[in-house]
Amino acid sequence: MDELKNIAEKAQDIIITGHIKPDGDCVGACIAAYNYLHKFYPEKNINVYLKELPERFAFLDSNGKIISNKLPQCNPNLVMVFDSSSAAMLGEAVKLFRSAKDSVCIDHHISNKGYAKTNFIDVSASSTCEVLYNLMSEDDIDFKIAEALYIGIAFDTGVFRYSNTSRKTMEIAAKLMEKGIPFWDYIDKCFYQRTYIQAQLLGRTLLTSMLLMDGKCIFAVITRRMMEFYGASIEDTVGIIEQLRITKGVEVAILLYETGKQEYRVSLRSNKYVDVNKIAVYFGGGGHKKAAGFTMGGSVHDVVNNITEHIEAQI
Ligand code: 5GP
Ligand code: MN
């Protein structure tokens, strides 16, 4: 029996969940795990809870029957958490996580300390979907499972461009391609297409960005006013940090997203040598060496000054 079936074997009521800002890897892993377990254990009661489902990944749950944004009202025997580096990232689901007899965490974040009862954390894996694939039996992966895993891996590797893409990642992707998924179509729809609003917001953010530290650092802010002006939602900000990161000469990109009065969500990306996870952990967040985030209070000026001090120390 493979590891994933083994994990779920003894539990009747299972909850599958992820972090409070579900991305392609998180959604893909939750759906792949659900489909896999539901196929083998149709008699089990398996609920998938995510705070939200980004529109561009909604096709993975084509009948809208898998993911719920309402916290399940049950006493699960097992809670499985995906792509979540800490218990705090689970949001409201943390209560269920703590009360369940068993908990399993499947993840790849370097800042993950192994907060569940059983942990499958592989920081060398490109994505949680890659870790999850390794817990499944190749032959039991069908089209729907392959599609979800592929989206997760493609998301976290920036469509196989980032340095977290390994030979193993490519081999897994190849195996998933063999299941007949129209990967070219997914790549366009999920990773390259932009709505007009998204293009406008991207343009505006780039226009008002600033270079710091002799061009080694780029910084931009998305204010609530901008969001209102364009009628944009948080989902429309995806890809903006990426565009900042690929600016020639830049080592670190900082994107501030105003979440409240004097409160910002900070996204950090680095290109070669700066460890942004270290900085994020210092400020109470986490992530990976080259992609991390946290939330911080204060004015834009305060926030940027605080962060750049830590970047300067590493540059
Ligand atoms: P993003 O900039 O895309 O929001 O996040 C980049 C990476 O950092 C993701 O892998 C995400 O899980 C992690 N991350 C972002 N914000 C936080 C946070 O507040 N706490 C922790 N632990 N990780 C975060
Ligand atoms: Mn991930």
Side-chain angles (χ1 to χ4, degrees), residues 17-33 50-52 54 57 81-91 94 105-116 120-134 148-160 162 164-165 169 172 191 205 218-222 234-245 252-259 263-270 274-297 303 307:
T17 190
H19 53 83
I20 41 182
K21 216 184 135 197
D23 57 19
D25 187 28
C26 178
V27 173
C30 289
I31 291 186
L50 284 178
K51 193 172 166 221
E52 62 206 16
F57 304 124
V81 297
F82 291 91
D83 201 42
S84 309
S85 52
S86 66
M89 293 295 281
L90 299 175
V94 77
C105 175
I106 297 173
D107 188 29
H108 68 123
H109 285 88
I110 197 166
S111 57
N112 194 320
K113 297 206 172 86
Y115 56 92
F120 294 89
I121 300 159
D122 180 358
V123 300
S124 77
S126 65
S127 51
T128 296
C129 282
E130 187 174 324
V131 183
L132 181 57
Y133 173 93
N134 290 322
L149 292 174
Y150 188 91
I151 292 289
I153 294 171
F155 181 88
D156 266 22
T157 57
V159 194
F160 311 101
Y162 303 158
N164 61 358
T165 310
T169 314
I172 293 169
F191 306 113
T205 311
I218 190 163
F219 141 77
V221 193
I222 301 174
I234 178 118
E235 176 60 11
D236 296 320
T237 65
V238 171
I240 296 182
I241 182 82
E242 184 50 25
Q243 205 64 44
L244 293 167
R245 178 187 72 85
V252 181
I254 309 170
L255 180 64
L256 264 52
Y257 175 84
E258 188 181 13
T259 48
E263 192 191 79
Y264 295 88
R265 264 210 52 79
V266 180
S267 283
L268 299 174
R269 297 291 185 273
S270 69
V274 172
D275 182 347
V276 290
N277 174 63
K278 239 189 195 168
I279 302 171
V281 167
Y282 180 85
F283 291 112
H288 312 276
K289 227 174 143 174
K290 294 181 175 178
F294 58 94
T295 297
M296 195 175 193
V303 174
I307 303 167

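Source: prediction; values computed, not measured. Remember, it's 1-based here, ligands and their atoms both numbered in the order they're listed. Side chains are part of it too, since the values below use all heavy atoms of this structure and drop only hydrogens, waters and symmetry mates.
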What part of His19, side chain from CB on, backbone N/CA/C/O, both or neither, has a heavy atom under 4.0 Å from ligand 1? neither
State whether the number of non-hydrogen atoms from other residues, nucleotides or ligands found under 6.0 Å of Tyr282 atom OH is greater than 12. no
Please list, in number order, the atoms of ligand 1 under 4.0 Å from a heavy atom of Arg265. 4 (O), 15 (C), 16 (N)
Using the rule side chain to side chain contact (heavy atoms under 4.5 Å, CB included), only one of Thr128, Asp122, Asn134 pairs with Ile106; which is it? Thr128
Looking only at N, O or S atoms, which one in Asp83 sits nearest to the Mn ion (ligand 2)? OD1
Quick one: the NE2 of His108, the Mn ion (ligand 2), OD2 of Asp156 angle, rounded to 10°, please. 80°
For atom 12 (O) of ligand 1, what is the nearest protein heavy atom, given as residue, atom name and distance? His109 NE2, 3.1 Å
Where on Ser85 is there a heavy atom closer than 4.0 Å to ligand 1, on the side chain, on the backbone, on both, or on neither? side chain
Just by distance, do the side chain of Asn164 and the backbone of Ala125 share a donor-acceptor pair under 3.5 Å? no
Would you please indicate if the ring centroids of Tyr133 and Phe120 are separated by under 6.0 Å? no
Numbered atoms and elements of ligand 1 in range of His288, under 4.0 angstrom, heavy atoms: 10 (O)
Return the closest protein heavy atom for atom 13 (C) of ligand 1 as residue, atom name and distance. Gly286 O, 3.4 Å
Got a sec: is Asp107 within less than 2.8 Å of the Mn ion (ligand 2) via an N/O/S atom? no
Hey, is the main chain of Gly287 close enough, under 3.5 Å, to the side chain of Asn277 for a donor-acceptor pair? yes
Would you mind checking which non-hydrogen protein atom is closest to atom 17 (C) of ligand 1, with the distance to 0.1 Å? Gly293 O, 3.1 Å
If you look at every heavy atom in Phe82 and Ala33, which pair is closest and at what distance? CZ-CB, 3.5 Å
Could you grab the distance from atom OG of Ser127 to atom CZ of Phe155, nearest 0.5 Å is fine? 11.0 Å
Are Leu90 and Tyr115 close enough, and set up right, to give a side-chain contact (heavy atoms from CB on, under 4.5 Å), and what steps lead you there? CA-CA 11 Å; Leu90 299 175; Tyr115 56 92; 4.2 Å; yes
Those atoms of ligand 1 less than 4.0 Å from some heavy atom in Phe294: 16 (N), 19 (O)
Could you check atom 7 (C) of ligand 1 against the protein and tell me its nearest heavy-atom contact, residue, atom and distance included? Ala291 O, 3.5 Å
With heavy-atom distances below 4.0 Å as the criterion, list the atoms of ligand 1 near Gly285. 18 (C), 19 (O), 20 (N), 21 (C), 22 (N)
What is the name of the N/O/S atom in Asp25 that sits closest to the Mn ion (ligand 2)? OD2
Would you please classify the geometry between the Phe283 ring and the Phe294 ring as parallel, tilted or perpendicular, with 30° and 60° separating the classes? parallel
Could an N or O of ligand 1 be found under 3.5 Å from any N or O of Lys21, whether backbone or side chain? yes
Is the His109 ring parallel, tilted or perpendicular to the His19 ring (thresholds 30°, 60°)? perpendicular
Report yes if some heavy atom in the side chain of Asp23 is under 4.5 Å from a heavy atom in the side chain of Asp83; otherwise report no. yes
Could you tell me whether the side chain of Thr237 and the main chain of Glu235 form a donor-acceptor pair under 3.5 Å? no
Protein residue, atom and distance nearest to atom 6 (C) of ligand 1, heavy-atom basis: Arg269 NH1, 3.6 Å
For Ser111, state whether at least one heavy atom is located under 4.0 Å from any atom of ligand 1. no
Which atoms of ligand 1 sit under 4.0 Å from any heavy atom of Gly287? 8 (O), 13 (C), 23 (N)
Ranked by distance from atom 2 (O) of ligand 1, the top protein heavy atom is Ser267 OG, 2.6 Å
